[in-house]
There are 2 protein chains.
Amino acid sequence: MSINPRDDASRGAPPERGASTNLSTILRRVHRSGPASRAELTRETGLNRSTISGLVGELVERGLVVEVEPRSTKQVGRPSPVVQASPQVLAVALVPEVDAVTIGLVSFDRQVIRRVRFETESIPTVREAVVIARALFQGMRDGLGPEYRIAGIGVAVPGLVRAVDGFVRWAPHLDWRDEPLGALLEEATGYRVFAANDANLGARAENLFGAAAEASNILYMNGGPSGIGGGIIVNGELVGGAEGYAGEFGHNRVAAPTDSEVTDGELEASVSQNRLLSVLGLRSASLDELEVALLASERPEVRAEVHRQLGVLSVGVRNMINILNPEKVVLGGFLGVLFDFETAYFLDLLEANTLAPSWESVTVVRAELGSDLLLVGAAELVFDGVVARAEL
Amino acid sequence: MSINPRDDASRGAPPERGASTNLSTILRRVHRSGPASRAELTRETGLNRSTISGLVGELVERGLVVEVEPRSTKQVGRPSPVVQASPQVLAVALVPEVDAVTIGLVSFDRQVIRRVRFETESIPTVREAVVIARALFQGMRDGLGPEYRIAGIGVAVPGLVRAVDGFVRWAPHLDWRDEPLGALLEEATGYRVFAANDANLGARAENLFGAAAEASNILYMNGGPSGIGGGIIVNGELVGGAEGYAGEFGHNRVAAPTDSEVTDGELEASVSQNRLLSVLGLRSASLDELEVALLASERPEVRAEVHRQLGVLSVGVRNMINILNPEKVVLGGFLGVLFDFETAYFLDLLEANTLAPSWESVTVVRAELGSDLLLVGAAELVFDGVVARAEL
DNA sequence: GGTGATAAGTAGTGAGTCACAACATATCCG
DNA sequence: CGGATATGTTGTGACTCACTACTTATCACC
C-alpha cells in the first residue's frame, strides 16, 4: 500500500486529442454528483488549487461547465465559486416502444428539460420510428434558443443492439430484426447516435443517479410488461460483452425447488407481470395500480403467486450473486413491486442460498428512478463520450 | 468516430509516483505478448521513436526489461534491438491444496523457472501452509543469484478470498475459514502478498497466455476433483466483484430438461468428476487417465452419463452466454475433457438455446494451459502491480 | 567492395500539464 | 477594524513526449 492514500489523479498529463485525463475527471465529477465548489474539487481530486483553477477555466471556455456564485457557507475563508455541468449542453434521448415513441431532452446537469410521448396506432417500424423521432426532434429544436448545444442522440432499445453502430439485432416486442437503426437516425438527424439495450441503460441510470449511486458492482434486474431484462455493472462500468448484448436474464433457465409447476421454462415465463395481473383479475395496469391492487388484495392465491414468483426470482438472483459478488442488487419494474410487497420473504430465501461471504457484501434494494429512467440512461450514452473527450 | 484510428497512447504524461502510463504500456506489451523490437513497439503504441527510446532506456535502468541483440530479419534498415521482460524479476507463486503445498518461481518473461510440490500427510492448516511455504521459499531463494529480484508473492486459493488483504473467508476443501493468510504470509516472508481464487486465476492465465489470448470478454469454467469454479473477464479485466468472491458457478441451481434426476441440486452436484469416474469404474484418476478411459470405454452408460453432465453444464453455460455475451468460453479441467469428448453434442445444445446474436459472437474452446496454470495465474497477481507501477 | 535506399536510433527543441511557492482576496470572528 | 482562515491567482520549474534533423546499420545491386 502506498503511504500517501490520496490522489491517483495524474500530473503532467497528455496533450492528446485535447482530452486531458484530469479534465475528464472534473467533468465526470460535476456531471455525475452535481455541482461542487472549486475547493471541493481540489480536495476530492487531490490536484493542486492552481491546477483546478486552470482546468475549470478550460472547461468554462469549452462551454461544458458554468461557474455560479459561491454558496454562502458561513465559513471563514474566501468563498469558492461553484462549478456545475452546463445546462445548455443537451442530449436527445429516444425511446421506441410498442405503442409510442418517446423523445426527451436531457441536460448535462441531469435535468430532463423536455419530454414528448407520441402514441402510435400500431407497433412502429424502424422507419416510422425514425420519421417520428425526426419530427419530434425538429419541433423541440425550434423551440430552443441558440445557446443550447446538442451533443448527440441516445436510444434505449427494448432488445439486442450492437454497441458499435446501433444496429438492432432483435427487438422481439417491436418485431424489429436486423435493422440499421443507428445509421438511419444519424442520416435523418445529422447527429451522432448511440444505442443500447433499455435494461442496460436502466442499470446505468440507477448506478449514476438512483438506488445504486455509490456502488461500482451492481446487478440490476427489471421486470417489464413483456419480460425481464437487466444490466450488470462491474468496476463502475456497464458490462456490454463482446457486442453489447449482455444482460439477457429473462431467457435463462433456473431450477426453483419452490416451483414445481414450471421447472424447465425460462425465468420470464415463470416470473411475469401478466401472471401476476391475471391472479389479481386485472387485464392491464400501471405499476402503481399493480402495487395498489396487491396491497388491497387479501386472497391467499395472490400471496401464493407472489411467493412462487419470488421463489423463482430468488434462484436467478442468488445465482448471480454467487457469480458476480455485487455490492447492490437493484430490482426495478414489477420485480420492485414484488420485492417491496414481500421483502423479508425474498431476503430470507436469498440468505439461505447464497454463499455467506458474498451475501454479507450485498444489499438488495428496489429501483428508485421512475419514468425518466430510460431517458436519463439513454442520454448518458451521449454524455459518456462528452466526459471522456471533454469536448462537444 | 475519430478520423485517426491509431493511437490512444498518451502524450506528455504524468510524473506521478514514477509511473508513466506509457511506461506501463510498454511493460505490459513485453510481459504479456513476449519480446518485441523497439521498432515494433513504436508501431504498436503509436508513440514516437525517440519516446520509445527514452522509455525503454528508463525501463532498462529500473531493471524491468533487458535489451538483446537484434534478430536478423533479412530486412533493409538498421536492426532494432529486441526488448523483453527481465528474466531476473521474479514472482513467487503459492498453491495450497488438500494434499500438497506447491511453490513456484515465475519470471517476468513468463517462464516457470522453478517448482516444488511438497506433499503433506494431511490437509494443511493455514499455519502449516505458511511454514511450509516459508521453508520452500527459503530453499529456493538460497539457490538464486543476487541478480534476481523478487517482486512479491501470489497465492491461488481454492476458495473465497478477500481481494484487498488475502484474508481467506472460506476454503471448503482445505477446511479453512476466516484465516488471515495474506497477513501471515507477509509477516513470515517480508514480501507483499496477493491472493485470489484459484479458478479466477485460471481464467486470467488462459486470457493472458492460453486459449483466450486475444479476447477481452471471457467466461472460464473449470472442473476440478472437488467442484466447479470459474472466472469472468470483462473488458480485459478479471471480475472480482465487491470483495473478490466472484466466479462461484458451482453452487448455482440450473434447470436442465435433460436431467430428470437432479433438478433442484447445485451444478456441481450434477456435473462432477467423481460421478464420471464412478461410471467408468475408477476410484481416482488424473485428467489424462480420465480422458484415456473415456475414449477406451464403449459402454453406453458412459456416454449417457457424459451426455447428462454436458446437458446440465450447457444450461449453466448458456445462461452465462445470454447474460455476459462473451467472446470466448473456456472449459478447463474435466469440463474440458467432457467437451473434447462430445464437442458437437455440446455445441448443438448450446446453439439451440442461446440467443442467436450472442451465440454468433462466441466460440467455445478447451483450456490450453496445463499444470502451470495456477502458478502463472498467481504470479500474474504480483506482476499486475509491477506493470501498473512500472516499479519493483 | 563501394554506393544508394531503407529503417531505425539519437539529440535538441518546444509544447502541454501540473506541482509548488508566494502573493492577493474574500469571509468570519472578536 | 484587524487577525485568522480559506481560497483564487500568478510565475516558475519539472516532467513527458512529439517533431525535426542527423547519425548509424543493414541490404541489394552493380
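Computed from heavy atoms alone, side chains included, the values below leave out hydrogens, waters and symmetry copies. In what follows, chains carry the letters A, B, and so on, assigned in the order in which the sequence lines appear, proteins first and then strands, with residues in each chain numbered from 1.
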Can you tell me if [X] touches the phosphate of [N], counting only side-chain N or O atoms and a distance under 4.0 Å to OP1 or OP2?
| X | N | answer |
| --- | --- | --- |
| B:Thr51 | D:dA18 | yes |
| A:Asn22 | C:dT17 | no |
| B:Ser53 | C:dG9 | no |

Just wondering, more than 12 heavy atoms not from B:Glu214 lying within 6.0 Å of its CD?
->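 Atom CD in B:Glu214 is not packed in, count stays at 12 or less.
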
Shortest non-hydrogen separation from A:Gly231 to A:Ala203 and the atoms involved |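 Distance-wise, the nearest heavy atoms are CA-CB, 3.8 Å.
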
Among [options], which nucleotide has an atom closest to any side-chain atom of [X]?
| X | options | value |
| --- | --- | --- |
| B:Arg49 | C:dC18, D:dT7, C:dG9 | C:dG9 |
| A:Asn48 | D:dT26, D:dT7, C:dC20 | C:dC20 |
| B:Leu55 | C:dA8, C:dC18, D:dC17 | D:dC17 |

Under 3.5 Å, which protein N or O atoms sit close to an N or O of nucleotides 2-6 of chain C? Give each pair with its distance.
from  : atom 1 : to      : atom 2 : distance (Å)
C:dT6 : O2     : B:Gly77 : N      : 3.2

Whole angstroms only, please: what is the [atom1]-[atom2] distance between [X] and [N]?
| X | N | atom1 | atom2 | result |
| --- | --- | --- | --- | --- |
| A:Ile26 | C:dT17 | CD1 | P | 12 Å |
| A:Glu40 | D:dT7 | CD | P | 9 Å |
| B:Leu47 | D:dT16 | CG | C1' | 11 Å |
| A:Ile52 | C:dT17 | CD1 | P | 14 Å |
| A:Arg43 | D:dA6 | CZ | C1' | 9 Å |
| B:Glu67 | C:dG9 | CD | P | 9 Å |

Under 4.0 Å between a Lys/Arg side-chain N and an Asp/Glu carboxylate O for B:Glu206 and B:Lys328?
->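 Salt bridge flag = no for B:Lys328 with B:Glu206.
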
Do B:Leu185 and B:Leu94 touch side chain to side chain, with heavy atoms closer than 4.5 Å?
->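 Result yes, sub-4.5 Å side-chain heavy-atom pair found.
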
Whether B:Phe383 and B:Phe108 hold their rings parallel, tilted or perpendicular, with breakpoints at 30° and 60° =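 The arrangement is tilted - the two ring planes meet at 30° to 60°.
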
Distance-only, no hydrogens or angles: does the B:Glu327 side chain make a donor-acceptor pair with backbone N or O of B:Asn217 under 3.5 Å?
->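 Yes, B:Glu327 side chain to B:Asn217 backbone: donor-acceptor pair under 3.5 Å.
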
Mind checking B:Ser50 for me? I need base, sugar-phosphate or nothing, with any heavy atom below 4.0 Å counting as a touch.
->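 Base contact - B:Ser50 has a heavy atom under 4.0 Å of at least one base atom.
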
Interatomic spacing from CG in B:Leu41 to CD1 in B:Ile26 - rounded to 0.5 Å =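 Between atom CG of B:Leu41 and atom CD1 of B:Ile26 there are 5.5 Å.
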
